[in-house]
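Down below is the structure, laid out as structure tokens.
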Amino acid sequence: MSETRPRKTYDPTSLEHRWQERWTESGLYETDEDTDKPKHYALTMLPYPSGDLHVGHWYAMTPSDTHARFMRMSGYRVFFPIGFDAFGLPAENAAINRGIHPYKWTISNIENMRGQLEQMGAMFDRSSEVVTCTPEYYRWNQWFFLKFLEKGLAYRKEAPVDWCPKDNTTLAREQVVGPDRVCERCGTPVIKKNLAQWLFRITDYAEELLDFSKIEWPERVKTLQTNWIGRSEGAEIVFEVPGYGPLEVFTTRPDTLFGATFFVMSPEHPAVAKITTPEQSEAVTEYVEKAGRMTEIDRTDVTREKTGVFTGAYAINPANGQDIPIYAADYVLMGYGTGAIMAVPGQDQRDWDFATKYDLPIIRTVQPPEDFDGEAYVGEGPAINSDFLDGLEIEEAKQRMIEALEEKGAGESTVTYRLRDWLISRQRYWGTPIPIIYCPEHGPVPVPEEDLPVLLPEDAEFTPTGESPLKLHEGFRNVECPICGGPAERETDTMDTFMDSSWYQYRYLSPHYDEGPFDPERGAKWLPVDQYTGGIEHAVMHLLYTRFFTKVMRDLGLVDFDEPMLKLFNQGIILGEDAEKMSKSRGNVVNPQDLVERYGSDALRCFLMFIGPWDQGGPWDGRGIEGVARFLRRALSLTATGDATGADADPAELPSRTARTTKKVTEDLAAFRFNTAIAGLMEHTNYLLAVRDDVDEGSWNDALRTFARLLAPLAPHHAEEMWAAVGEPYSVHEQAWPGYDESLIAEKEITLIIQVNGKVRDRIEAPADISEDTAKELALASEKIHPHLVGKQIRKSIYVPGRLVNLVVG
RNA sequence: GCGAGAGUGGUGGAAUGGUAGACACGCUAGAUUUAGGAUCUAGUGCCUCACGGCGUGCGGGUUCAAGUCCCGCCUCUCGCACCA
């Protein structure tokens, strides 16, 4: 075996091309519909068609593909679709900046990306592709909207909304980010604007959305969603305002009611003007106007000194009948609770700060510990200064207070959420038209189902004016009322694109089905999604909306389960080589097409999986990919003759090492530990190369057949090449995943570690089934330990079977 | 401030409470080559000529044995943030 370098002409790109063509010709990735097998619906978040697949797409999709391939070989019928999230702002911006129609821009990007997806060598079932900007897709967005409306889950409301002055559009609360409250997309500070908007009642499902018991999702996502929903248990308490009427507050600390020494309303609270006394009118009006003019940034600055103004009015504390002054202050937010609070300075630092500044009384209602030297006290302790609550601990005091309030009809226990309803209206062109017609006679009238889809007109003027572009399209806008036939106007807003991604996993099942959003027969065969993968950035938007959608679909009788995706894995983010986010302006963008040309798709796939744990992401390493490319070449060279390389290795270990590698790769792939799976295969390759001259052909080919199958999910092209090279019939991807004999896993020879007082002093080769006594004898016989025993007695010895002997001396 | 996660060689990272640093990058030396950013061989945690010692952010603790478990800090990342 001295003939060397048989593959000097190794060219991964042409090798991969060849197999990709073969896969397409043979229909290898058409979905397996064999219902005798257990189903596995593997889903990766659908990409936005920005023009090119970047490394981030590869990082998201190729490990998902590897896992899906692993499941397929493990005996599942696997559905692994892909599509394009094709509505949204970038298309419209391209249109504005470059004069290309959003549709043309989007479609040409999609065509480009389809070809790039092909290069990836993924097992996507391309026949189920969904493009969300097509009428056959968005028609069902409109259909869902009508269903939501019927169910009372969609409503219209005039409300101040977050508005991005650059993008000229409404933003959902989730799309406003950071302490500066900027637009998620362009970084412009958002402003408030009053508009009539359509909303979905996601808050109706707040409680159920807090229940994660039916899904295996990362703790992180569950925590983010839980915090986002923000459930607070407490009480609503009614304060009578003489001369006006009742005002309600929400509090999580009803036990502190006796310490409520003043009352604060948000400046936006509609009752502020009504309760204000004539003497205070001027001051209050001035304050409210000032608060309204403040930017969100200033308004929400926690370090700012508290400000407020006395309204001249008083509220009656229902616990003790005392009059307490009512202030308007901007530290109370209109958007949470009732927009008014009872202020308890003794137990709340914000109220303490306010009370100190405006010289208001402070009464402690919880006894702080002796050594407490802070201001407001929020810890545990017995109630004081609280009449019938005195001496009770907080939890019990809360209960008793609520009971007392309920008796008087002055309050009740209640739950408040931070979650707001989902605002879906967008004043943009490139989205799904909202199927509503406004009739002067009949008000907002839903477009009849049989008239769907309401087509998005192609010839719209989409330059942003602050108005919905469709408003300027007379042909679209002017219609007849579906009820009376009189002249009416269409809704000219379009839907938030999160609508599209809330149910796309269902559409994949039957992308051209026209009797409903999806074919229920297909649904019964495949739903719900078993494994979802995607970025953590969608933790509180997309992932909450799609859960909400599924629960509504369940209540509409469309599905019979509660959660859309049973398992979720969040991959990390690939950064540039400088460890910064990849961006054109930084010049640190890594182009996968260049890498594929140079190293091949398998090398790029494997490198991205090898770089570290998948959920961790990390900086790109331009040199690291060389190592993986080398590994693939070396692995492939196993099928050719060549000199053995590497350190001495024992050919007799071939069966056990193959079994151990199989076990490792199997367990690692099942758990998304791609990095260690590849490391295991690298180690095995090094071993195989070292023993290639000393193994008989039969055992060698057995080992290679196993190797090719273990490699198949990770490097599908190279595995195919190997499989063919050992003379096996096409295709390795249709083979069963290799099993392994547990009895081969166990080592026969072990390195027995000899420790003295827990420190390693010697290593001795020994049979694995060595007895405790023999092991200890061996230990004592070791010359290396003798110096450590001089003048000492062995007090104890510990034997860990198959591992070590620890001699405790002293 | 609140919540979550993470700190291991020059680098990315491995390690059911039981040989710390697998695997890979990089580096050093050598072989081969007209040459190579190709391939192969040997080495590579730190200190020390060596014996040996020291090593998983810091300080304690539990244990025969701690990167791993417990307590207290420090640092970094992410999320939320005047949410009553």
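For the numbers below, each heavy atom of this structure counts, side chains included, while hydrogens, waters and symmetry mates do not.
The separation of rG36(B) from rG45(B), taken at their C1' atoms, amounts to 32 Å, rounded to a whole angstrom. Between the P atoms of rG37(B) and rC76(B), the separation comes to 41 Å (whole Å). Taking atom P in both rU19(B) and rA84(B), one finds a spacing of 48 Å when rounded to whole Å. For the C1' atoms, the distance from rG43(B) to rG10(B) is 16 Å, rounded to whole Å. Between rG57(B) and rU77(B), the distance separating the two C1' atoms is 15 Å to the nearest Å. Comparing rU63(B) with rC69(B), their C1' atoms are spaced 10 Å from each other, to the whole Å.
Under the 90° criterion around 0 for the glycosidic angle, rG9(B) counts as syn.
Set against rG79(B), rA81(B), rC82(B), the side chain of L224(A) has rG79(B) as its closest nucleotide. Which of rA14(B), rG18(B), rC64(B) sits closest to the side chain of V808(A) comes down to rC64(B).
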Assess whether side chain to side chain donor-acceptor pair (under 3.5 Å) is satisfied between Y740(A) and T666(A), documenting all intermediate values.
-> CA-CA 10 Å; Y740(A) 53 91; T666(A) 305; 5.8 Å; no

R634(A) and N686(A): side chain to side chain contact (heavy atoms under 4.5 Å, CB included), yes or no, with the steps?
-> CA-CA 8 Å; R634(A) 283 157 64 85; N686(A) 294 342; 2.8 Å; yes

Can you check side chain to side chain donor-acceptor pair (under 3.5 Å) on S656(A) and R660(A), steps first, answer last?
-> CA-CA 6 Å; S656(A) 66; R660(A) 246 171 273 148; 3.2 Å; yes

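Using a 4.0 Å heavy-atom cutoff across all strands shown, R673(A) reaches no nucleic acid atom at all. When heavy atoms are screened at a 4.0 angstrom cut-off, V800(A) is found touching base atoms of the nucleic acid. Backbone-only contact: R630(A) has heavy atoms under 4.0 Å from sugar-phosphate atoms and none from a base. Residue-level contact check: I611(A) touches the backbone only, with heavy atoms under 4.0 Å from sugar-phosphate atoms and none from bases.
Across every strand in view, rG55(B) sits unpaired, with no contact that passes the Watson-Crick or G-U test at under 3.5 angstrom. Of the nucleotides present, rC74(B) is the one that pairs with rG7(B) by Watson-Crick or G-U wobble criteria, both distances under 3.5 Å. Under the Watson-Crick or G-U wobble criterion, with both distances below 3.5 Å, rU34(B) is left unpaired in every strand shown. Of all nucleotides present, only rA42(B) satisfies the Watson-Crick or G-U wobble test against rU28(B), with each distance under 3.5 Å. For rG1(B), the paired nucleotide is rC80(B), the pair qualifying as Watson-Crick or G-U wobble because both relevant distances are below 3.5 Å.
With hydrogens and angles ignored, the 3.5 Å screen pairs no side-chain donor or acceptor of D615(A) with any backbone N or O of F569(A). Judged purely by atom type and a 3.5 angstrom limit, N570(A) uses its side chain to pair as donor or acceptor with the backbone of G534(A).
With a 6.0 Å radius and a threshold of 12 heavy atoms from other residues, nucleotides or ligands, E233(A) has its CD atom at or below the threshold.
In this structure, L257(A) atom CG and rA84(B) atom P are separated by 17 Å, rounded to whole Å. As a whole-Å value, the separation of H684(A) NE2 from rA14(B) P is 22 Å. Atom CG of L807(A) and atom P of rU63(B) are 20 Å apart (whole Å). Regarding F631(A), its CZ atom lies at a distance of 12 Å from the P atom of rC25(B), rounded to whole Å. Following rounding to the nearest Å, Q616(A) (CD) and rC76(B) (P) show an atom-to-atom distance of 19 Å.
The phosphate of rC23(B) has neither OP1 nor OP2 within less than 4.0 Å of any side-chain N or O from N686(A).
For the side-chain contact (heavy atoms from CB on, under 4.5 Å) with R253(A), the qualifying choice from I394(A), V344(A), D348(A) is I394(A), the only one to do so.
A salt bridge links R231(A) with E207(A): the distance from a Lys NZ or Arg NE/NH1/NH2 to an Asp or Glu carboxylate oxygen falls below 4.0 Å.
Contacts of residues 764-772 of chain A with RNA chain B (heavy atom under 4.0 Å): none.
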